[in-house]
Amino acid sequence: MRNREVAGLLENIADLLEIKGESLFRIGAYREAARRIESLTQDIAQMAEAGTLRQIPGVGEAIATKIQEYLATGHLRYYDDLQHEVDPALIDLLRVPGMGPKKVQLLHKSLSIRTMDELYQAAREHRLAPLPGMGVKTEQNILKELERLQQRTQRHLLGKVLPASEEVVALLRELPIVQRADPAGSIRRMKDTIGDIDILVASDSSEKVMKAFAQLPMVKEVIAMGATKSSILTYDNLQMDLRVVEPNCYGAALQYFTGSKSHNIQLRELAQKRGLKISEYGIFEETTGKRLGSKEEEEIYHILDLAFIPPELRENQGEIEAAQEGKLPKLIEIGDIQGDLHVHTKASDGSEPLMAMASAARAKGYQYLAICDHSKSLGIARGLSVEKLQSQWEEIRELNAQLVPFRILAGTEVDIRNDGTLDYDDDTLRGFDIVTASIHSGFNQPQERIMERLAAAMHHPTVDVINHPQGRIIGARDPYAVDLEMAFQLAAVTGTALEINAMPDRLDLDDHAARRAKELGIKLTISTDAHDSSHLNFMRYGVATARRGWVEKKDVLNALPLSELLNWLSQRRRKR
DNA sequence: GCCGTTTTCGGCCCGACTGTTTTCAGTCG
């Protein structure tokens, strides 16, 4: 898939146009197209061949032609020319907070500054301040931001940021002056990675809240402090932005600060067409200025005759249209989950015994838990030999007798070997209650080989689920070369379920892929891949990813009660 | 550059904050 590559190209064009001082609307058009292509599960190259590029919202005549040219020839004349007009090195400077296209252009023209290093030097030597529109304060800020940029990694895992934000929100809620508090922004939308943390508070004493916020125990540095907005840096280098609003605007503010930007823009356009205006203070009649709603978030949507749109869907990916037509999905909820279908124990690379994992699952109110330790050849993870399996099965039988009606399923995470064969013989595989299969090697194989392996696994008569089908580790490893559309077709034909792996650094299938799989009627599992009992709590991230993928309860295998899950599994055995 | 039950041309979300200014430009979300 070259989707990310094409999206990146369009982003670069937008950046260059921005520095060049082009129309903001044209720049926005490139960014919107990039965003749409990034979230596509269909292969952009295939769409280009089929001539269907213009079906992508935000892609019109001009951009479609450019994509065609780029994919066919490997380069784009327009982009090449642009790079001669505007030095591409300057794009980097836009990453410095406070540096926009105008300042980048100014510094480039007057001081020939091209890189962050040069910018840093110039600021150190006080050459920025005398420039028109700059000044001492601006120079100091640039210096500070450059230093901060070095120590701050760009994006953080939801699994790290969500608990941190909830901790802060809990502390803020304890203050008597605080009426309401919530994480907002991309955290509330449950994106898999997060930049800055947005927190919203309703209070009549804004400044007191600011002060209390700045004194929280996790605060390392106060970056900015205004009347209604302040930013801090925590000891684990998370930036948190706090905004305080009056309680009667809280709903409108929560809607606004939850975003996404793109969702809000579309919502505001819709409002405009009806003679209404939306801001963070409420929804108003354009002509009279009369406020129609603001206290609760739901009001904003209801006044526009929309069903309430859950935060996870607010990405301008068709949710507003669906809300208009009353066709929003009834999203799966954490309480719908009846069990976990992928966990490890001490027998392979987990850290707790079977009994501990089972008790923890039962304590969560689950009806079942599938033990899926690694298979024999995965030496690095102490994969189980057939002999060890026998004793694990024995242990499971004994425990099940004690724990009834709770049920431990004897499962495996069998390795799909480099040649596409599975890591246990068929007889052994038939002995499991559930077989999940994974690729753990040959990550760099070409797409054909990867697809052959996946196809072989999905056609194998015992395989029920493919785990982490994309194979990404967020921030560490790119997905392997999966043709997702083909994988989905295979899953649909063979009736194989696909996992949404809930590990915070996997979340694989990701949200877009999950949505496409759901559209094609593929069964999904949401499992944690827990290696100790605390990891069972990762389920919320898997459910969040599923929700972002418009997934409903009926799409998810482990939302079934035990008896129906067992039915599904045995019917599958009979069919094959 | 995209898009269309108010438009194939003329629109394109809205406000706060900062630092530089004497009324505003640039940046951000």
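Within every chain, numbering begins at 1; the chains are lettered A, B, ... in the order of the sequence lines, protein sequences first and strands thereafter.
- For the segment residues 295-314 of chain A, the set of residues with a heavy atom within less than 4.0 Å of an atom of DNA chain B is empty.
- In this structure A/E22 satisfies the side chain to side chain contact (heavy atoms under 4.5 Å, CB included) test together with A/L17, A/K20, A/R26, A/I27, sequence neighbours excluded.
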**Fill in**
For nucleotides 18-29 of chain B, 5' to 3', base contacts (B), sugar-phosphate-only contacts (S) and non-contacts (-) with protein non-hydrogen atoms under 4.0 Å give -SS-----SSSB

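- Using a 4.0 Å cut-off, no side-chain N or O of A/K273 falls inside it from OP1 or OP2 of B/dT5.
- Rounded to a whole angstrom, the distance from the P atom of B/dC17 to that of B/dC12 is 25 Å.
- Residue A/Q266 is classed as having no contact, given no heavy-atom separation below 4.0 Å to the nucleic acid.
- Across B/dC28 and B/dC13, the matching C1' atoms stand 14 Å from one another, rounded to whole Å.
- Atom CD of A/Q317 is separated from atom CZ of A/R515 by 6.0 Å, given to the nearest 0.5 angstrom.
- Distance CD (A/Q272) to P (B/dG11): 12 Å, rounded to an integer number of Å.
- Rounded to a whole Å, the CD atom of A/E269 is 13 Å from the P atom of B/dT5.
- When the nearest nucleotides of DNA chain B are assigned to A/E286 and A/E61 by heavy-atom distance, the more 5′-ward of the two goes with A/E61.
- In this structure, A/N264 atom CG and B/dC13 atom C1' are separated by 9 Å, rounded to whole Å.
- Listed for the A/S230 side chain is no donor-acceptor partner under 3.5 Å among the backbone atoms of A/G226.
- Across all their heavy atoms, A/A202 and A/P247 have their closest contact at CB-CA, 3.9 Å.
- Between the side chains of A/N12 and A/Y79, at least one donor N or O lies within less than 3.5 Å of an accepting N or O.
- In plain terms, the two heavy atoms of A/P504 and A/I474 that are nearest each other are O-CD1, 3.7 Å.
- A/D511 approaches A/T545 most closely through the heavy-atom pair N-CG2, 3.6 Å.
- Under 3.5 Å, the side chains of A/R314 and A/S260 contain no donor-acceptor pair of N or O atoms.
- B/dG26: Watson-Crick or G-U partner is B/dC17, with both key distances under 3.5 Å.
- As a whole-Å value, the separation of A/L82 CG from B/dG1 P is 10 Å.
- Atom P of nucleotide B/dG1 and atom OH of A/Y79 are separated by 16 Å, given to the nearest angstrom.
- Using modelled atom types and a 3.5 Å distance limit, the side chains of A/Q55 and A/T52 yield no donor-acceptor pair.
- With both ends at atom C1', the span from B/dG1 to B/dT6 equals 23 Å, rounded to whole Å.
- Between the P atom of B/dC12 and the CG atom of A/L267 lies a distance of 17 Å, rounded to the nearest Å.
- Across B/dT20 and B/dG15, the matching P atoms stand 26 Å from one another, rounded to whole Å.
- Atom CG of A/L76 is separated from atom P of B/dG1 by 11 Å (rounded to the nearest Å).
- Rounded to a whole angstrom, the distance from the C1' atom of B/dT18 to that of B/dT23 is 15 Å.
- The same atom, C1', is picked in B/dC2 and in B/dT8; the two are 12 Å apart, to the nearest Å.
- Separating the CG atom of A/L10 from the P atom of B/dC2 is a distance of 10 Å, rounded to the nearest angstrom.
- A sub-4.0 Å separation between OP1 or OP2 of B/dC14 and a side-chain N or O of A/Y281 is absent.
- Under the side chain to side chain contact (heavy atoms under 4.5 Å, CB included) criterion, A/E269 pairs with A/I265, sequence neighbours left out.
- For A/D204, there are no salt bridge (Lys or Arg N to Asp or Glu O under 4.0 Å) partners, not counting sequence neighbours.
- A donor atom on one side chain and an acceptor atom on the other are found under 3.5 Å apart for A/E5 and A/Y70.
- Residues of residues 21-37 of chain A having a heavy atom closer than 4.0 Å to DNA chain B, listed by number: A/F25, A/R26, A/A29, A/Y30.
- The side chain to side chain contact (heavy atoms under 4.5 Å, CB included) with A/L172 is formed by just one residue from the set A/V201, A/L200, A/V244; it is A/V201.
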